[in-house]
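Written below as structure tokens is the structure these notes are about.
Within every chain, numbering begins at 1; the chains are lettered A, B, ... in the order of the sequence lines, protein sequences first and strands thereafter. As the structure is a computational prediction, the values presented were derived from the model and not from experiment.
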2 protein chains.
Amino acid sequence: MSPNVISIGLSAAIVSVEQEQPLVLVVAHDGAEDALPFGPFNPVTQRTLESGLRKWVGEQTRFDLGYTEQLYTFGDRGRHSPSPDDGARVVSVGYLALTRPGKPQAPDTRWRGWYQYFPWEDWRQARPPMIDGIILPALKKFVKEAASPIAAEQRRNRMRLCFGDGGLPWDEEKVLERYELLYEAGLVREAARDAGKQAKTPPELGSPMLYDHRRILATAIARLRGKMKYRPVVFELMAPSFTLLELQRTVEALSGARLHKQNFRRLVAEQGLVEGTGKFSAPTRGRPAELFSFRREVLRERPAPGVRLSSRR
Amino acid sequence: MSPNVISIGLSAAIVSVEQEQPLVLVVAHDGAEDALPFGPFNPVTQRTLESGLRKWVGEQTRFDLGYTEQLYTFGDRGRHSPSPDDGARVVSVGYLALTRPGKPQAPDTRWRGWYQYFPWEDWRQARPPMIDGIILPALKKFVKEAASPIAAEQRRNRMRLCFGDGGLPWDEEKVLERYELLYEAGLVREAARDAGKQAKTPPELGSPMLYDHRRILATAIARLRGKMKYRPVVFELMAPSFTLLELQRTVEALSGARLHKQNFRRLVAEQGLVEGTGKFSAPTRGRPAELFSFRREVLRERPAPGVRLSSRR
DNA sequence: CATATTTATACTCGAAATGAGTATTAATAG
DNA sequence: CTATTAATACTCATTTCGAGTATAAATATG
């Protein structure tokens, strides 16, 4: 195979939420890194990239993708193929897809919590201790090792902006920026792997993934966290009817942050995102909650409806 | 050449602003449709897609791209190659690049106002009369011609959301949605061209472009209009020092809307986006204005600084 | 059965952001 | 000298936002 040949790979971060955990569908083999479902784009049989994606995802995973969205096209040499100039150059187009959880039908395919790959992104309980315990010390070392004072200053700024060291607030949308910084600092296993190094002295944060799939997943999380705020995409992940707390817990799971309950309700109500069904949830512990459903009409009424986040604490 | 072969094309919407007009760099030949600068991605010599873009843009247009951003990867059959199954399938990765205006060095390359391609997007003087005069009547016809009542309802909703017929406000970010609707309704020349039809009875709105380049440009405008609000990208288009009115006119040119002067100043000042230089503009008509420059430190201080729009009227 | 606990839901209140001005200053054009 | 144009400071009402309190309706527990 000539190294001059390009092939296009389609990768999908297929996301659902179950029991307050955001899940991503991965292909897992024993001893190998997890991978996102991915396949080649066949230019002969497929008219569009997205139809190609839907076709093989349907075949391979038996999932019916509701909402899909193109994320980004990655073409860096050395971050897809294990070794450069080995066969065709793969350019991969990443997609985000949302679906309701269900049993994976295909072999070796399973749901995994996405915070397994990004443990520093889940702030629901508290600021993850690994940030102060591992990440920031390692990044400070990375700043010190910079070749010049200017490079060190740039690294320090990125560190501050990404992980909020020094008064800056945590921005839950900077998932990709944070992953890329950890990659460049050699703190995720993919970095050493892509560089061909075996030594892995530094801490390895989160589970690694095949090729650049963790980068695609980071892009997917970032996009979803942002999009949620101005488009009602969360409802793709909800059952037809749900309580307001279930909706809130889903948004919290995705954004990785806790929200103020009363203000959350005020927002979804005022925006007309939901309507009561008159039915009530099966009583579990507290007072039974009314079941709501998504008001599809909102798409016709408001230009940018979404679940804006009013954070707690 | 086998139709099974894929090649990757890189296209760039290179944008600048001069005299209150947003400009895009196009390759123009007599008698042919304008094109965005585009070229193949060479997987052998280029490590990343973006480095490939910078290289041939530098060679072809002699422009030094400051800010660049990947937009979207388009792979629809029939919207790039004039006829399907003719040679290699081209998948094109679109980019947005911002630069200061200057003389195009390459032959056949020139700046054009982007509203030439999207006349309905410039609301600075007034709501463009062509919307009520041409677009909405033609779209109402398109709604009537739908195959089923459900399809008609969907078309009507898109029409309302895109062009704000019936109380809905104009959303200046929906540039791509509007272009795609006009394309599907057969109101832009590319639609008839891609379908292989010669008849062009319906009105042809805006100047057409080669291949799917007008779609890429629509994506670029939409992205820039959105991004401006939370990232200080406008300053890539400004001279090192500028008056606040010049800055406002630039934002207005890009967003296609007029802004409230006093509130605009309040926003950029409060956000710390600019700092006074102590120097003053050469007096033209009114009172001389202070010259300001971009405060780069803001990138380190605030998580999402941008020029939020507080519209006038 | 009384009471603690859990959850739902309504309502309040101050701070900040936003939209739409008025008022005043400083220049040029006639 | 005065009209015009633009710059800049300041005001004010409304809306939005963050952070509560208050109360209701269920279960769990002693």
Side-chain angles (χ1 to χ4, degrees), chain A residues 20 123 169-172 228-230 241-252 255 257-293 302-313, chain B residues 19-20 169-170 172 229-230 241-252 255 257-293 302-313:
Chain A
E20 308 190 9
W123 284 54
W170 180 260
D171 180 353
E172 78 277 347
M228 258 193 325
K229 294 173 191 162
Y230 58 95
S241 73
F242 46 83
T243 69
L244 292 181
L245 188 60
E246 283 164 0
L247 181 64
Q248 181 182 342
R249 292 289 181 239
T250 302
V251 173
E252 289 175 341
S255 70
R258 286 266 170 238
L259 303 177
H260 184 282
K261 191 175 184 173
Q262 297 92 319
N263 291 348
F264 178 83
R265 302 166 141 270
R266 177 173 64 184
L267 274 180
V268 295
E270 275 175 4
Q271 293 220 106
L273 288 169
V274 297
E275 59 192 349
T277 63
K279 294 174 186 167
F280 285 79
S281 64
T284 47
R285 256 170 312 201
R287 168 175 166 179
E290 188 171 2
L291 289 168
F292 290 79
S293 62
R302 295 177 64 94
V307 183
R308 296 205 294 281
L309 315 170
S310 53
S311 75
R312 212 194 50 168
R313 271 190 295 227
Chain B
Q19 291 173 332
E20 307 190 9
W170 180 260
E172 78 276 348
K229 293 173 191 161
Y230 59 95
S241 72
F242 45 83
T243 68
L244 292 180
L245 188 60
E246 282 163 2
L247 181 63
Q248 181 181 343
R249 293 290 181 237
T250 302
V251 173
E252 289 175 341
S255 69
R258 287 268 168 233
L259 303 176
H260 185 282
K261 191 175 183 173
Q262 297 92 320
N263 291 347
F264 178 83
R265 301 166 140 271
R266 178 173 63 186
L267 274 179
V268 295
E270 276 176 2
Q271 293 221 104
L273 287 168
V274 298
E275 59 191 350
T277 63
K279 294 174 187 166
F280 285 78
S281 64
T284 46
R285 256 171 312 201
R287 168 174 167 178
E290 188 172 1
L291 289 168
F292 289 80
S293 62
R302 295 177 65 95
V307 183
R308 295 205 294 281
L309 315 168
S310 51
S311 74
R312 213 192 49 170
R313 274 187 295 226

Practice prompt. Determine: side-chain N/O of A:R285 to OP1/OP2 of D:dT27, distance under 4.0 Å, yes or no.
Written response: no
Worksheet, complete the sentence: Looking only at C:dT18, D:dT8, D:dA7, the nucleotide nearest the B:L267 side chain is C:dT18
Worksheet entry | Nearest-angstrom distance from the residue atom CG of B:L244 to P of D:dT5 | 21 Å
Worksheet item: Within this structure, what is the CG-to-C1' distance between A:L291 and C:dA8, rounded to whole angstrom?
Response: 13 Å
Fill in: Residue met sooner reading DNA chain C from 5', once A:G286 and A:F280 are mapped to nucleotides
A:G286
Worksheet item: When all nucleic acid strands are considered with a 4.0 Å heavy-atom cut-off, which category describes B:Q262: base, sugar-phosphate, or nothing?
Response: base
Worksheet item: Which whole-number value in Å describes the distance from B:E246 CD to D:dA6 C1'?
Response: 13 Å
Item to complete: Output yes when B:E252 and B:R249 qualify as a salt bridge under the 4.0 Å nitrogen-oxygen rule, no when they do not.
Response: yes
Discussion item. Ignoring hydrogens, what is the shortest heavy-atom contact between B:Q248 and B:H260? Give both atom names and the distance.
Written reply: NE2-C, 4.3 Å
Discussion item. Whether A:R265 contacts C:dT9 is assessed here as follows: a side-chain N or O lying under 4.0 Å from the phosphate OP1 or OP2. Is that the case?
Written reply: yes
Fill in: Donor-acceptor contact present, side-chain B:E290 to main-chain B:G278, <3.5 Å
yes
Worksheet item: D:dT5 P sits how many Å from B:R249 CZ, rounded?
Response: 13 Å
Worksheet, complete the sentence: Closest to the 5' end of DNA chain D, once A:T284 and A:R266 are matched to their nearest nucleotides, is A:R266
Worksheet item: OP1 or OP2 of C:dT9 sitting under 4.0 Å from any side-chain N/O of A:K261?
Response: no
Worksheet entry | Whole angstrom value for the distance that separates P of C:dT7 from CZ of A:F242 | 19 Å
Discussion item. To the nearest 0.5 Å, what is the distance between CG on A:L247 and CZ on A:F264?
Written reply: 4.0 Å
Worksheet entry | Nucleotide of C:dG21, D:dT8, C:dA8 approaching B:F292 most closely (side-chain heavy atoms) | D:dT8
Practice prompt. Can you figure out which of D:dT8, C:dA26, C:dT9 approaches the side chain of B:A289 most closely?
Written response: D:dT8
Fill in: A:H260 NE2 to C:dA8 P, straight-line distance once rounded to whole Å
14 Å
Item to complete: Let me know the distance between CZ of A:F264 and P of C:dC11, rounded to the nearest Å.
Response: 20 Å
Worksheet item: Does the side chain of A:R287 get closer than 4.0 angstrom to OP1 or OP2 of D:dA24 through an N or O atom?
Response: no
Fill in: Spacing of A:L245 atom CG and A:K261 atom NZ [to the nearest 0.5 Å]
5.0 Å
Worksheet item: Over how many whole Å does the gap from B:N263 atom CG to C:dG21 atom C1' extend?
Response: 9 Å
